Every structure is written in C-alpha cells, then in structure tokens.
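What follows is a set of notes on a single structure, which appears directly below.
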There are 2 protein chains.
Amino acid sequence: MNDNIKQISKIPEPSLRRLPWYLSCVKLKAKDGDKYISSTQISRKTGIDASQIAKDMSYISISGRTRVGYDVAELIRVLEEFLGFTSCHNAFICGVGSLGGALLGDSGLMHFGLHIVAGFDVDPKLVGHTISGVPIYHMDDLKRYVSKHHVQIGVLTVPIDKAQKVTNQMTKSGIKAVWNFTPFRIRVPEGIVVQNTSLYAHLAVMFNRLNSQNIENDNSHKIALDDQE
Amino acid sequence: MNDNIKQISKIPEPSLRRLPWYLSCVKLKAKDGDKYISSTQISRKTGIDASQIAKDMSYISISGRTRVGYDVAELIRVLEEFLGFTSCHNAFICGVGSLGGALLGDSGLMHFGLHIVAGFDVDPKLVGHTISGVPIYHMDDLKRYVSKHHVQIGVLTVPIDKAQKVTNQMTKSGIKAVWNFTPFRIRVPEGIVVQNTSLYAHLAVMFNRLNSQNIENDNSHKIALDDQE
C-alpha cells in the first residue's frame with residue numbers, strides 16, 4: 001500500500017462530496033484561460049466558506065501559493081486523480097430495462113472513470129444484443145463473466161422484487177461494490193461497498209420540499225431552503 | 001392549506017428518505033399475497049431498527065393493529081400518496097445530451113410522479129424532434145413554454161459551463177424547483193428548491209470506499225461499511 005492510496009481513505013465523506021463541486025468550478029476557470037484560482041474565488045462560486053474549502057483541500061496533495069492561489073491545471077489533475085475519475089473502473093449493469101438501458105447510453109460515466117463493459121438481463125429480446133455498443137448477456141453467465149474479466153463494480157437497476165436476489169448473485173460472482181439504483185435497501189456480505197443512488201427517493205424529497213415551499217409562499221413567509229445531496 | 005399538506009412538511013428528511021425503502025418492502029409483501037406487515041418484518045427486511053420504523057411511520061396517517069401490523073394495501077396507498085408518487089408533477093429537461101436523453105427514456109420516473117413533458121436544448125440537430133416521444137424545443141422558447149404550461153420543475157442536465165446560466169433562465173421562467181444532475185453547485189434565488197443528484201459525486205464516493213476497502217482487505221482487517229445516500 002502506498003502513502004497516496006492510504007491518504008485517500010482518510011478524507012471525511014462530507015469533504016469528499018464537496019470536491020466535485022470545486023473541480024467543476026476550477027474547470028470553468030481553466031476554460032476562461034485563467035492560470036490560478038484562490039479559495040476565496042472558489043468560495044464565491046460555490047457558496048462554501050473559504051476556510052472549509054482550505055480544510056477540504058488539505059486532504060489532497062496540493063498546496064496553494066500565497067496571494068496567487070492554486071495552479072488551475074495542477075488542481076484539476078490532482079482532484080480528478082484523487083476522485084478516481086482518471087482511473088478506469090470496469091463495471092457491468094444488471095437489469096437492462098428503462099433506467100439500466102438509459103445508463104448504458106450515458107457516455108458521461110466513462111469520463112468520470114466508470115466504464116460499463118457489459119449488461120445482464122433475463123429478457124430473451126435483450127440477451128445476445130448490444131445497447132449503445134455494450135453487449136447484453138444472460139444473468140446465468142454473470143459469474144463466469146466476472147471471474148474472467150475481474151470486474152469489481154456491479155450496477156443494480158432491476159425491479160425491486162429482484163433486487164436482493166440479483167445482489168446475492170453479484171456478490172457471489174466476486175464483485176466488490178454495488179451501485180444500487182433501486183429504491184430497495186439491499187443487504188450485502190461484510191466487506192462489500194454499497195452506494196445507494198435512488199432517483200425516486202430524491203424525487204420524494206424534492207416533492208416534499210416543493211410542497212413545503214408552496215405552503216410557505218401561501219403564508220407569505222419566504223425562506224431559503226439549503227440544498228443537499 | 002389543509003392539514004394533510006401541512007403535516008407533510010413536518011417530517012424530518014432522514015425519516016422521509018427511509019420511507020421509499022419501507023414502500024419497496026411492503027410492495028414485495030403485497031406481491032407475495034400477504035395482507036399484513038409488522039414493523040418487525042420491515043425491520044428484518046431493511047435492517048432498520050423497528051422502533052425507528054414505528055417513529056418514521058408516525059409522520060404518515062396510518063396506524064397498525066396490535067399483533068397484526070399494518071394493512072399492506074392501505075400502507076402502500078398512504079406511502080405512495082405521502083411521497084408524492086401518485087400525483088403528476090410536470091417537468092422539463094434542459095440539456096438533452098447523453099444523460100438528459102437517457103432520463104427522457106426512463107419511464108420509471110413517470111411511475112414515481114414525475115412526468116417529463118418537454119426537453120430544451122440549443123442543438124439544431126435536436127430542436128424540433130422528439131426523443132422517447134417527448135418534444136425538444138429551443139432554449140429560447142423556455143419562458144414562453146413554462147408560463148403557458150405552468151411547469152414547476154426543471155431538470156438540469158447541461159454541461160457545467162452552462163449550468164448557472166441555464167439555472168438562471170429556468171428560475172426566471174417561473175419554475176419552483178431544480179433537479180440538478182450536474183456536478184456544479186448552482187445558486188438560485190430565495191424560495192427555489194434545489195435537489196442535487198450528482199451521479200459523479202456518488203461515483204467518487206464509491207471509488208473512494210472501494211479503495212479503502214481494498215486497503216482494509218490487504219491488511220486483513222475486514223470491516224462492514226454502512227451504506228448511505
């Protein structure tokens with residue numbers, strides 16, 4: 001284990017979640033042709049306190065220059081590497097329905113380090129075909145595929161009544177992480193990473209806040225709701 | 001304002017975020033033909049403490065029967081209504097690129113109450129066409145469209161260097177909520193709801209935890225990481 005990787009695991013998750021915001025901000029600065037960016041400038045663009053930004057940046061291997069700030073090109077390189085966006089993480093998708101098929105078509109994932117190399121489904125109309133250039137195999141071939149290609153990440157986009165069963169198949173096949181897009185709370189063996197991204201839970205939160213906001217407006221009490229993940 | 005809506009706004013966000021998990025669990029129970037479900041059963045399926053479940057359920061208008069539990073059909077109906085999944089919220093998408101186009105193709109959103117009625121872009125190859133049956137208009141027509149059709153929600157899937165500009169156009173058009181899929185931290189006027197769903201930030205968190213996990217495994221210290229949103 002080298003020091004660089006050791007360090008990666010130490011960053012608190014809230015700091016980690018803010019880094020992509022800084023990256024976007026610095027990328028815009030680069031697009032404008034600027035060479036340096038300060039914490040104050042990032043703060044102005046993101047609305048995050050400059051001292052918080054400096055603290056978050058302390059977890060990555062970069063130091064700014066007094067009165068000049070961070071080197072834009074270096075900061076982009078270091079942030080992208082730290083966030084894992086420059087590595088190529090192979091992944092497969094289980095459940096090539098509406099959302100799964102949609103994710104296969106999102107080339108943006110590739111630019112952020114996720115390379116979807118295969119899809120798995122049980123639908124005979126899908127198996128044996130390709131979607132957006134990605135081959136679709138039968139679920140029965142999952143284990144063989146994973147052990148042959150050493151894929152570490154499985155993306156879960158099956159209906160909820162299949163979520164746990166397919167998760168079990170995934171973890172038995174030898175993967176290390178499940179990116180769970182279903183609204184089902186899957187259980188995994190010790191040591192497997194689960195990242196939940198339920199679009200529908202986010203929708204519920206948005207609807208709820210929209211409702212609250214409409215009520216606030218009705219009462220003529222306008223409040224600013226802080227945004228969150 | 002009626003009492004039902006007033007109540008909706010009072011639920012703490014962590015409770016709100018757990019409700020879709022319970023809903024998935026109860027739906028499975030319904031599929032199995034069962035008529036009742038207890039907090040203990042939901043707890044066993046979701047791994048969430050039964051007392052926490054009872055507390056979360058106290059925010060919605062449903063009560064279980066002693067030794068029998070909740071009526072499955074009623075619980076599904078009440079949860080779906082509470083979460084806003086049974087209402088039809090019209091929305092448009094700004095930025096019909098890779099991810100935006102993918103979301104247009106995800107019919108799942110409709111089943112959870114989000115009806116995407118239009119897409120907006122500046123690409124002449126897209127404007128005037130339809131994707132998955134949804135018409136694509138030019139960004140210049142946004143304001144006119146929103147005021148005519150009274151759409152409250154805008155989905156943001158543009159490149160980061162357009163994110164703030166398009167957000168401004170959206171909020172000026174009269175929408176009330178922005179579902180932000182970009183990794184850019186957008187700023188909005190007071191009273192506008194922002195729901196951030198950055199797939200790429202989630203990817204970064206997953207990569208990081210996968211790295212930590214690989215290190216843990218190297219050190220033969222296996223730990224279970226708790227999943228999170």
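Reminder, nothing fancy here: chain letters follow the sequence lines and each chain counts from 1. The shown structure was predicted, so the numbers you read here are calculated from the model rather than taken from an experiment.
A donor-acceptor pair under 3.5 Å is formed between the side chain of A:Thr171 and the backbone N or O of A:Thr167. The backbone N or O of A:Ser107 lies less than 3.5 Å from a partner atom in the side chain of B:Ser98, making a donor-acceptor pair. Of the possible polar contacts, one joining the A:Asp106 side chain to the A:Gly108 backbone as a donor-acceptor pair under 3.5 Å is found. Using a distance-only test at 3.5 Å, with no hydrogens or angles considered, no donor-acceptor pair links the side chain of A:Glu81 to the main chain of A:Val78. Listed for the B:Arg209 side chain is a donor-acceptor partner under 3.5 Å among the backbone atoms of A:Val194. Checked by atom type and distance alone, the side chain of B:Gln164 pairs as donor or acceptor with a backbone atom of B:Arg187 at under 3.5 Å. Between the side chain of B:Asn168 and the backbone N or O of B:Lys172, no donor-acceptor pair lies under 3.5 Å.
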Residue pair A:Ser51, A:Asp49: steps toward the side chain to side chain donor-acceptor pair (under 3.5 Å) verdict: CA-CA 6 Å; A:Ser51 62; A:Asp49 195 65; 2.4 Å; yes
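When all heavy atoms of A:Arg185 and B:Trp21 are compared, the closest pair comes out as NH1-CH2, 2.9 Å. Summarising the geometry of B:Phe112 relative to A:Pro183, their closest heavy-atom pair is CZ-CG, 4.4 Å, with the distance given to 0.1 Å.
When the candidates A:Leu114, A:Thr182, A:Asn180 are compared by the number of heavy-atom contacts under 4.5 Å with chain B, A:Leu114 comes out ahead. Taking B:Ala204, B:Gly100, B:Cys25, B:Pro20 one by one and counting their heavy-atom pairs under 4.5 Å with chain A, the maximum is reached by B:Ala204. Heavy-atom pairs under 4.5 Å with chain B were tallied for A:Ala102, A:Ala163, A:Ser132; the largest tally goes to A:Ala102. Ranking B:Val188, B:Asp32, B:Leu109, B:Leu23 against chain A, the residue ahead of the rest is B:Leu109, based on heavy-atom pairs under 4.5 Å. Here B:Met206 is the residue among B:Lys27, B:Gln152, B:Met206 with the most heavy-atom pairs under 4.5 Å with chain A.
With values rounded to the nearest 0.5 angstrom, A:Asp56 atom CG is found 3.5 Å from A:Tyr22 atom OH. The CG atom of B:Leu16 sits 4.5 Å away from the CG atom of A:Asn208 when rounded to the nearest 0.5 Å.
At a heavy-atom cut-off of under 4.5 Å, chain B is reached by A:Gly84, A:Phe85, A:His89 from residues 84-95 of chain A, listed in order of number. Residues of residues 153-162 of chain B lying under 4.5 angstrom from chain A, judged on non-hydrogen atoms, are B:Ile153, B:Ile160, B:Asp161 by number.
Of the atoms belonging to B:Leu99, heavy atoms from both backbone and side chain fall under 4.5 Å from chain A.
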